[in-house]
Protein chains: 2
Amino acid sequence: MTSLGGASEERGGELATASRIRDAAIVRFGRDGFRAGLRTIAADAGVTAGLIVHHFGSKDGLRRACDERVLEFMRREKKKALTDGTGTMLLAQMAQVEQFAPMVLYLLRSMQAGGELAAELIGHMISDAEAYLSAGEAAGVVRPSRDRAARTRYLAYQATGSMLLWFTLHGGDAEPEKFPALFRRYMEELTLPALELFTEGLLADRSMLDEYLMYVPDPPSASPNAADPDGTAS
Amino acid sequence: MTSLGGASEERGGELATASRIRDAAIVRFGRDGFRAGLRTIAADAGVTAGLIVHHFGSKDGLRRACDERVLEFMRREKKKALTDGTGTMLLAQMAQVEQFAPMVLYLLRSMQAGGELAAELIGHMISDAEAYLSAGEAAGVVRPSRDRAARTRYLAYQATGSMLLWFTLHGGDAEPEKFPALFRRYMEELTLPALELFTEGLLADRSMLDEYLMYVPDPPSASPNAADPDGTAS
DNA sequence: CGGGTGATTGAACAAGTGTTTAATCTGGTG
DNA sequence: CACCAGATTAAACACTTGTTCAATCACCCG
């Protein structure tokens, strides 16, 4: 089994049991979703169900540990590849490395299920896009928007959501070996239409936009709000 | 409880039991997801769990019946509003009608879970977009693409996926009363950035697109394939 | 009215779930 | 060595799940 461990968690060449359980859980949750049973995970890790709750308190505790691990991993990996690309690109790169594929799969399952990790992740995506778009705007390669925050959220939701849906439909089996290839294919299918849309747009004239701007003339209204993942209160 | 029944399924003013069960299941599945138990649905419909399997054979049979019902409903409703708008717009309209909101919620749950209905639905979305884009192209309001099929799929996945993700994060509670308002807010947040992107694009110059076209010079390659929901074999 | 057919129920079943508990094993410390 | 704390296990527990079964109920046809 691939070791998802970073450092300071192994002892004498073999991982500490708790970490081994957690990593097995990430793999199994990624493959089967969160309805996977404790006994299955225990068998994967070569232990008993009781031991899992001994170490993590409950199944939810185990899930929290997985969340934290994946999140920490995301942060670490983001620093390494901060220079290039949006969040989707980052995920795509990571999914190529076979060792990291389980993490990405786990992330997809989390967004499929909703919850805190998902909210935090979309928050990351949005702030990544924010930085990326701002830099591009300053450099003159990205056109300014009438409502920058809204556009940022829009783009982040589009990119993340379409990826999630695509994998929900095409990767339902979710064998982790095929996963890197799937991800590559998704990116290949995506690139041309995305680039086309981003450079040339879709509509031939401005009438629709102008009509809307006439009808609703308050784009960048209120809104600095930090409670929600994307700054939009309910 | 609101009656989701069309016609020819009621008898003497009250719905036939099987239909009542099915409709209750649609509401409950939409609210709680497919992990909802048979007994809960039975209680909602005022019957016993055993009766459900007596009528539908199994829980999966019940789900199939719900799928079929929602699909038939979609087809019927699509004919009525064929003139205007893409698939997302259609869903938005339907979600406004309180009577139809449970159906839309059920659809979202289906796409969240994957499976046949989800595949068929994204197929609808794609063929809708195909018709809509072709008409627009012929009328000169939509720019042509280097790979029309790919762009169609791309746009359908973007629209559907971002909607799905948005509701997964913001509508996790999923109280069906608040649902129409949620949907309206989603559309409001979406409209300006979408129109902007569609008419003006995102990038200021063509360099990225041209570089890509230089690097990969075979856009509309093979591909008529009907096995997959979106014409892309695995 | 008699009888049969389908609707409907309540209870039981078997399998699965997360969790608890008591016992055992193991390793380090006094 | 004695001893204790933590790791680990196997079994049991309480609960939910989908499904089955036998019995009852209601109604229509002859």
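Chain letters run A, B, ... following the sequence lines, proteins first, then strands; residues in each count from 1. Remember, predicted model here, so these are calculated numbers, not experimental data.
Between A/His54 atom NE2 and D/dT9 atom P there is a gap of 11 Å when expressed in whole angstrom units. The CG atom of B/Leu38 sits 14 Å away from the P atom of C/dT9 (whole-angstrom rounding). Spacing between atom CZ of B/Phe29 and atom P of D/dG18 amounts to 8 Å, rounded to whole angstrom units. Rounded to whole Å, the distance from CD1 on B/Ile41 to C1' on D/dT17 is 12 Å. B/Arg63 places its CZ atom 15 Å from the C1' atom of D/dG18, with the value rounded to the nearest Å. In this structure, the CD1 atom of A/Ile52 is 10 Å from the P atom of D/dT9, given to the nearest Å. Rounded to a whole Å, the CG atom of B/Leu62 is 10 Å from the P atom of D/dT19.
Among the heavy atoms of the strands lying under 4.0 Å from A/His55 are primed sugar atoms or P, OP1, OP2 only; no base atom is included. Among the atoms of the strands shown, none is found under 4.0 Å from any heavy atom of B/Ala18.
Minimum atom distance to the side chain of A/Leu51 is reached by D/dA7, of the listed C/dT8, D/dA7, C/dG18. Distances were taken from every side-chain heavy atom of B/Lys59 (C-beta onward) to each of C/dT20, D/dT9, D/dT19; the shortest belongs to D/dT19. The side chain of A/Val53 has C/dT20 as its nearest neighbour among C/dT8, C/dT9, C/dT20. Each of D/dT8, D/dT19, C/dT9 was ranked by its minimum atom distance to the side chain of A/Thr17; first place goes to D/dT8.
Nearest approach of A/Ala119 to B/Leu169, heavy atoms of both residues: N-CD2, 3.9 Å.
Within the 4.5 Å cutoff, the side chain of A/Thr168 has heavy atoms near those of the A/Gln112 side chain. You'll find the side chain of B/Arg64 stays beyond 4.5 Å of the side chain of B/Phe56, heavy atoms only.
With hydrogens and angles ignored, no donor-acceptor pair closer than 3.5 Å exists between the side chain of A/Arg39 and the base of C/dG16.
With hydrogens and angles disregarded, a donor-acceptor distance shorter than 3.5 Å links the side chain of A/Ser127 to the backbone of A/His124. Looking at B/Arg20, its side chain does come within 3.5 Å of a backbone N or O of B/Ala45 through a donor-acceptor pair.
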